[in-house]
Amino acid sequence: MSKVTWKPAALMAPVPPALVSCGTVEEPNCLTIAWTGIVNTNPPMTYISVRPTRHSYHLIKESGEFVINLTTKELLRTADWCGARSGAKYDKFKEKGLTAEPATIVSAPMIAQSPVSLECKVRSVTPLGTHDMFLADIVAVNVDEKYIDETGKLRLEQCGLVAYAHGSYYAIGKKMGYFGYSVKKHVSRSKLPPKTGRKK
Ligand SMILES: Cc1cc2nc3c(=O)[nH]c(=O)nc-3n(C[C@H](O)[C@H](O)[C@H](O)COP(=O)(O)O)c2cc1C
């Protein structure tokens with residue numbers, strides 16, 4: 001492999017094009033956020049990086065609350081639109097037919113059409129340059145019951161989640177393995193993806 005070295009850039013992929021809702025059930029807003037992820041397991045913590053120019057920035061900073069709603073194939077066009085239009089000019093929930101659903105702990109609404117909504121409470125706000133990072137506790141996880149199987153397991157693979165990579169959106173496709181499969185003993189070879197590398 002021969003790599004070309006470029007100047008530093010915000011290149012990380014895939015990331016989720018999450019729909020982050022804020023404001024209140026009565027006056028909701030949302031924006032699309034790709035700069036997000038998990039930063040701690042226990043307590044469960046996340047972050048979102050938001051430009052201070054966003055309408056949502058002040059709503060989140062003042063309330064200290066937001067909800068991360070995972071984006072599905074059905075929600076993708078809406079997520080892209082909500083990432084290109086401002087709540088300062090549009091009632092995005094009304095324009096896109098989104099339903100603002102009361103969350104269980106925070107006053108920010110959940111988006112009913114999203115299968116997974118994470119309620120978040122801000123711990124700190126760190127200015128980083130272009131964006132401010134809101135570090136937050138995930139205080140509740142709300143999952144559409146239709147994706148919970150009879151054993152209580154969340155079938156996230158059935159939700160039709162999408163990923164964002166280098167300016168484009170992709171449907172999450174074929175399962176390639178699972179956590180720890182490479183070190184698991186007694187796995188039937190037929191259940192493993194083919195090995196890559198030099199052929200004998
Ligand atoms: C795929 C995608 C990812 C985005 N990620 C971010 C992000 O991580 N942080 C951010 O501040 N804006 C991000 N944006 C831009 C905001 O979503 C956009 O400016 C939005 O219109 C702001 O809405 P608001 O003014 O109602 O808050 C993204 C937009 C798209 C389409």
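Read the numbers this way: they start at 1 and go in the same order the structure lists the ligands and their atoms.
- Ligand 1 has no N or O atom lying under 3.5 Å from any N or O atom of Tyr164, backbone or side chain.
- Listed by number with element, the atoms of ligand 1 under 4.0 Å from a non-hydrogen atom of Leu31 are 17 (O), 22 (C), 23 (O), 27 (O).
- Side-chain contact between Thr99 and Phe93: absent, with no pair of heavy atoms (C-beta onward) separated by less than 4.5 Å.
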**OP:** Go through Lys121 and Asp137 one step at a time and tell me if the salt bridge (Lys or Arg N to Asp or Glu O under 4.0 Å) criterion holds.
**Re:** CA-CA 5 Å; Lys121 271 185 184 266; Asp137 287 295; over 6 Å; no

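- In this structure, Lys92 forms no cation-pi arrangement with Trp81, as its terminal cationic atom is not both closer than 6.0 Å to the ring centre and no more than 45° off the ring axis.
- The one candidate from Leu156, Ile68, Leu161 that meets the side-chain contact (heavy atoms from CB on, under 4.5 Å) condition with Val116 is Leu156.
- Annotation for ligand 1: atoms under 4.0 Å from non-hydrogen atoms of His55 are 24 (P), 25 (O), 26 (O), 27 (O).
- Those atoms of ligand 1 that come under 4.0 Å of a heavy atom in Gly87, given as number and element, are 24 (P), 25 (O), 26 (O).
- At least one heavy atom of Tyr169 lies less than 4.0 angstrom from ligand 1.
- Near Trp35, with a cut-off below 4.0 Å to any heavy atom, the atoms of ligand 1 are 8 (O).
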Original post:
When you look at Trp35 and Tyr164, which way does the ring pair (Phe, Tyr, Trp, His ring centres under 6.0 Å) test go after all the steps?
Top reply: CA-CA 10 Å; Trp35 299 162; Tyr164 179 64; 7.3 Å; no

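- Residue His131 touches ligand 1 through its side chain alone, judged by heavy-atom distances below 4.0 Å.
- Ranking protein heavy atoms by distance to atom 28 (C) of ligand 1, first place goes to Thr32 O, 3.2 Å.
- Of the protein's heavy atoms, Gly83 O, 3.4 Å lies nearest to atom 29 (C) of ligand 1.
- Ranking the protein heavy atoms by distance from atom 10 (C) of ligand 1 puts Arg54 NE, 3.4 Å first.
- The local environment of CZ in Arg155 is crowded, with over 12 non-hydrogen atoms from other residues, nucleotides or ligands closer than 6.0 Å.
- In this structure, Tyr57 and Phe134 have perpendicular ring planes: the angle between them is above 60°, well past the 30° mark.
- Taking every non-hydrogen atom of Val50 and a distance limit under 4.0 Å, the qualifying atoms of ligand 1 come out as 11 (O).
- Close approach to Ile33 involves these atoms of ligand 1, each under 4.0 Å from a residue heavy atom: 5 (N), 6 (C), 7 (C), 8 (O), 9 (N), 10 (C).
- Around the CD atom of Gln158, the shell of radius 6.0 Å holds more than 12 heavy atoms that belong to other residues, nucleotides or ligands.
- For ligand 1, one of its N or O atoms has an N or O atom of Asn29 under 3.5 Å away.
- With respect to Ile111, the side-chain contact (heavy atoms from CB on, under 4.5 Å) criterion is satisfied by exactly one of Pro28, Cys30, Ser117: Cys30.
- Of all atoms in ligand 1, numbered sequentially from 1 with element shown, those under 4.0 Å from a heavy atom of Ser56 are 24 (P), 26 (O), 27 (O).
- The closest side-chain heavy-atom distance from Leu31 to Val50 is below 4.5 Å.
- At the top of the distance list for atom 5 (N) of ligand 1, counting protein heavy atoms only, stands Ala34 N, 3.0 Å.
- Follow the hydrophobic side-chain contacts under 4.5 Å out from Tyr47 and you reach Leu128 in the same cluster.
- Closest heavy-atom approach to atom 20 (C) of ligand 1 among the candidates Ser86, Cys82, Ser49, Ala88: Cys82.
- Protein heavy atom at the shortest distance from atom 21 (O) of ligand 1 is Arg85 O, 2.8 Å.
- Looking at ligand 1, you'll find an N or O of Lys92 within less than 3.5 Å of one of its N or O atoms.
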